[in-house]
Asks: 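Just dropping this structure here.
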2 protein chains.
Amino acid sequence: MKDKDINQMFLSIGIKNTKHRRDIIKILDASNKPLSVEEIYLLLKENNSSINLSTVYRTMEKLIEKNIIIQNNPFNDNIYRYQMCKDKHRHHIVCIKCSKIVEIEECPFKDFEDKIKKETGFDIENHKFEIYGYCNNCKKNKE
Amino acid sequence: MKDKDINQMFLSIGIKNTKHRRDIIKILDASNKPLSVEEIYLLLKENNSSINLSTVYRTMEKLIEKNIIIQNNPFNDNIYRYQMCKDKHRHHIVCIKCSKIVEIEECPFKDFEDKIKKETGFDIENHKFEIYGYCNNCKKNKE
DNA sequence: CCTTAAATGCGAATCGTTTGCATTTTTGTC
DNA sequence: GACAAAAATGCAAACGATTCGCATTTAAGG
């Protein structure tokens, strides 16, 4: 994501444009998997950008509120992970052993949502799907 | 679940048969939704069964290890919830406002899992699916 | 430049969960 | 039943991800 686009984004959602926020957006945008606050914090440090953990947390909160990112459920470790809301709705598969995360091409739940809506009467807003297994490397020695 | 069956279960999985554990199994078995440790703890108290929170936590751990129960992902509150491994694989829909939980009849992901397996090369072990919306009562005033 | 509101850093607090350790209970054997 | 060994429990303290209060700094707009 280019600086110009990032500036434009902050302007359009009406939040202040700070270096920390630009850096965080770049990191999330460049990542091919959801990142935890800790991971973002460490990546920022590597890039010589000194930042406080609470600031990362507060930025996540703000970006969720503005629908720029979404918060994923913890896998099994009680740690939230975050990813950009891309145009396309995405799911991921997670390796139980090495925690490798791979994006899944398609989301097959639209039809299912309609069905559930009829069955339960709920107005459906969102869903989360996570799938677990052993990746190519780890499946040889599942231990 | 009857006492006889519970005793038999503890015997067959090789863990000690204590009143606390029997009580917890009964509560989980009777519940139509996943329960948190806190909820189990309070239900036990109501039934005049004094127990320590850590004991509930340790019982959960043991029952997961023996594949008697499964641990669900936190919804949005960072609290784990637990449910019996019934013969049938289940999912739930959660009301965003009042947290009401309703069981969904069917799990449509078997075919999808096969597809993902081919695409990614993962050996798939498990999946978790959660769906969110407003229940019949709450959808009138979403606020 | 100057003002105001928002963002940040820092440290302390929160809260669900885990752990160490002493005590109690279960289980199997005599 | 009594006994020994292993497992389970209670209790209090520790842990760790996240949140919060508050003083300071920074961005945005006139």
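When reading the values below, keep in mind they use all heavy atoms of this one structure, side chains included, and skip hydrogens, waters and symmetry mates.
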Asks: For residues 1-8 of chain A, dump all side-chain donor-acceptor pairs below 3.5 Å to protein atoms at least two apart in sequence or in another chain.
Replies:
from: A:Asp3; atom 1: OD1; to: A:Lys26; atom 2: NZ; distance (Å): 3.0
from: A:Asn7; atom 1: OD1; to: A:Asn17; atom 2: ND2; distance (Å): 2.9
from: A:Asn7; atom 1: ND2; to: A:Asp3; atom 2: O; distance (Å): 3.3

Asks: Between A:Glu38 and A:Glu61, which is nearer to the 5' end of DNA chain D once each is assigned its nearest nucleotide?
Replies: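 Per heavy-atom nearest nucleotide, the more 5' residue is A:Glu38.
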
Asks: For the hydrophobic clusters of this structure (ILVMFWY residues joined by side-chain heavy atoms under 4.5 Å, transitively), does one cluster hold both A:Ile40 and A:Phe10?
Replies: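 In one cluster with A:Ile40: A:Phe10, yes.
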
Asks: Taking CD1 from B:Ile13 and P from D:dA7, how many angstroms apart are they, rounded to a whole number?
Replies: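 Result: 14 Å.
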
Asks: In whole Å, I'd like the distance from the CD1 atom of A:Ile40 to the P atom of D:dA17.
Replies: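 The distance from CD1 of A:Ile40 to P of D:dA17 comes to 14 Å, rounded to the nearest Å.
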
Asks: Between D:dT18 atom P and A:Tyr41 atom OH, what is the distance in whole Å?
Replies: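 After rounding, the reported distance stands at 14 Å.
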
Asks: What does nucleotides 1-12 of chain C look like as a protein-contact string, B for base, S for sugar-phosphate only, - for none, at under 4.0 angstrom between heavy atoms?
Replies: ----BBSBBBB-

Asks: Under a plain distance cut-off of 3.5 Å, with no hydrogens placed, do A:Asn52 and A:Ser54 share a side-chain donor-acceptor pair?
Replies: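 Yes.
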
Asks: Taking atom P of D:dG10 as reference, at what distance in whole Å does atom NZ of B:Lys45 sit?
Replies: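 So the NZ-P distance, B:Lys45 to D:dG10, works out to 12 Å.
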
Asks: Can a donor-acceptor pair be found, under 3.5 Å and without considering hydrogens, that links the side chain of A:Arg21 to the backbone of A:Lys16?
Replies: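 Confirmed, A:Arg21 side chain pairs with A:Lys16 backbone.
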
Asks: Any donor-acceptor pair under 3.5 Å linking the side chain of B:Thr120 with the backbone of B:Ile116?
Replies: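 Yes; at least one donor-acceptor contact below 3.5 Å.
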
Asks: Between D:dA27 atom P and A:Leu11 atom CG, what is the distance in whole Å?
Replies: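 Those two atoms, CG and P, are 15 Å apart.
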
Asks: Has A:Tyr80 got a side-chain atom pairing as donor or acceptor with A:Val37's backbone, closer than 3.5 angstrom?
Replies: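 No, the answer is negative, given that no donor and acceptor are paired below the 3.5 Å cut-off.
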
Asks: Using whole Å, report how far OH of A:Tyr80 lies from P of D:dT18.
Replies: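 The distance from OH of A:Tyr80 to P of D:dT18 comes to 8 Å, rounded to the nearest Å.
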
Asks: Should A:Tyr57 be listed as having a side-chain N or O under 4.0 Å from OP1 or OP2 of D:dT19?
Replies: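 It does not, given that no N or O in the side chain of A:Tyr57 lies less than 4.0 Å from OP1 or OP2 of D:dT19.
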
Asks: Please examine the side chains of B:Lys33 and B:Gln83, heavy atoms only from C-beta on, and report whether any two atoms are closer than 4.5 Å.
Replies: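 B:Gln83 vs B:Lys33: side chains apart.
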
Asks: Between C1' on D:dT9 and CG on B:Leu44, what's the gap in Å once rounded to a whole number?
Replies: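 So the two atoms are 14 Å apart, to the nearest Å.
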
Asks: Within residues 23-31 of chain A, find the residues that approach DNA chain D with a heavy atom at under 4.0 Å, and present them sorted by residue number.
Replies: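 By residue number: none to list.
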
Asks: Check whether A:Ser49 reaches the backbone of A:Lys45 with its side chain - one donor and one acceptor, N or O, closer than 3.5 Å.
Replies: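 No; zero donor-acceptor contacts below 3.5 Å.
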
Asks: Locate the shortest heavy-atom distance separating A:Leu28 from A:Tyr82; write the atom from each residue and the value.
Replies: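 So the two residues come closest at CD2-O, 3.5 Å.
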
Asks: Roughly, in whole Å, what's the span from CD1 in B:Ile79 to P in D:dT19?
Replies: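 That distance rounds to 13 Å.
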
